[in-house]
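Report on the structure given below.
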Amino acid sequence: ACRSGVVTGRSRVTSSLQDAGAPVEPARPVSAVVVAGTHVRLARLGSLLEAAGIEVLGLAKTVDEAVDLVCSRTPDTVLLDLALAAGGLDVVERVMANCATPIVLTGAAAESAAEALSAGAVDCVAPGTESLGPAVYSRALARHLADMKDLAADRIEDRRNIIEIRLWRADHDGQGRSLRPDDTAR
């Protein structure tokens with residue numbers, strides 16, 4: 001269920017992975033909220049992401065912290081390393097229900113990815129990728145998160161369209177006529 005942390009068919013990613021020192025460099029830094037079960041793991045993942053050029057908007061250790069951070073900071077993606085039985089699945093379900101954001105699984109969450117993917121998570125860094133060393137793991141995390149940036153942009157555009165439609169409907173009757181008395185030009 002998880003993609004390999006090293007091999008990909010996309011040329012822009014392949015070239016960055018071939019050069020051990022080259023981070024993924026999108027036009028605007030990818031932003032992420034990191035969720036993990038321990039402070040040590042949060043600090044490690046945060047450092048790896050920042051080294052790869054990812055903007056870390058916040059670190060969360062609990063389900064409530066994660067949902068609050070994601071909904072208030074609106075990152076491009078969420079990196080989840082929290083065992084599903086320890087609340088990882090709750091994070092996926094609550095984030096997707098309250099403020100849908102692409103979620104990438106790694107570490108403990110990736111070990112039982114099928115359930116989280118079916119609940120709404122969208123990608124997974126293959127278990128064992130971290131054992132290939134910090135440089136490879138950092139680039140794998142950055143690549144997966146950069147891939148999610150496009151999904152986040154689509155999500156934001158969809159929200160804008162929905163808001164515009166709701167506003168238009170609130171101002172018009174069922175036949176397209178304006179309900180505003182001062183708006184005769186429409």
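These values consider heavy atoms only, across backbone and side chains, with no hydrogens, waters or symmetry-generated copies.
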Interatomic distance, Thr74 atom OG1 to Leu69 atom CG [nearest 0.5 angstrom]: 11.0 Å
Sorted by first residue and then second, give each side-chain hydrogen bond (donor to acceptor under 3.5 Å, both in side chains) pair with at least one member in residues 107-116; sequence neighbours left out. none
Under the disulfide bond (SG atoms under 2.5 Å apart) definition, can you give me all pairs with a residue in residues 31-63, not counting sequence neighbours? none
How long is the span from the CD1 atom in Ile54 to the CG atom in Leu79, to the nearest 0.5 Å? 9.5 Å
Within one Ile-Leu-Val-Met-Phe-Trp-Tyr cluster: Leu117 and Leu84, side-chain cutoff 4.5 Å: no
Heavy-atom closest contact (Cys124 atom, Ala113 atom, distance): SG-CB, 3.9 Å
Test item: Ser31 side-chain N/O and Leu57 main-chain N/O as donor-acceptor pair under 3.5 Å: no
Nearest heavy-atom contact between Val92 and Ala121 is CG1-N, 3.6 Å
Residue pairs fulfilling disulfide bond (SG atoms under 2.5 Å apart) with at least one residue in residues 40-70, sequence neighbours excluded: none
Pick out which of Val95, Asn98, Val33, Thr101 makes a side chain to side chain contact (heavy atoms under 4.5 Å, CB included) with Cys71. Asn98
Scanning both residues in full, the closest heavy-atom pair of Val125 with Ala110 reads O-CB, 3.6 Å
Residues forming a side-chain contact (heavy atoms from CB on, under 4.5 Å) with Ala86, sequence neighbours excluded: Leu82, Ala83
Show the nearest heavy-atom pair for residues Leu105 and Ala109, with the distance to one decimal. CD2-CB, 4.0 Å
Taking the side chain as every heavy atom from C-beta outward, state whether Pro102 and Asp76 have any pair of such atoms under 4.5 Å apart. no
Contacts under 3.5 angstrom, residues 58-66 side chains, donor-acceptor by atom type, not counting sequence neighbours:
{"residue": "Thr62", "atom": "OG1", "partner": "Glu65", "partner atom": "N", "Å": "3.1"}
{"residue": "Asp64", "atom": "OD1", "partner": "Arg94", "partner atom": "NH1", "Å": "2.8"}
{"residue": "Asp64", "atom": "OD1", "partner": "Arg94", "partner atom": "NH2", "Å": "3.0"}
{"residue": "Glu65", "atom": "OE1", "partner": "Lys61", "partner atom": "N", "Å": "2.7"}
{"residue": "Glu65", "atom": "OE1", "partner": "Thr62", "partner atom": "N", "Å": "3.4"}

Mind listing the closest non-hydrogen atom pair of Leu80 and Gly88 along with its distance? CD2-O, 3.6 Å
Could you state whether Leu89 and Val35 fall into the same hydrophobic cluster, counting links through intermediate Ile, Leu, Val, Met, Phe, Trp or Tyr residues with side-chain heavy atoms under 4.5 angstrom apart? no
Minimum side-chain heavy-atom gap Val104-Val78 below 4.5 Å: no
Pairs meeting criterion side-chain hydrogen bond (donor to acceptor under 3.5 Å, both in side chains) with involvement of residues 37-52, two or more places apart: Arg41-Asp81, Arg41-Glu130, Arg41-Tyr137, Arg44-Glu130
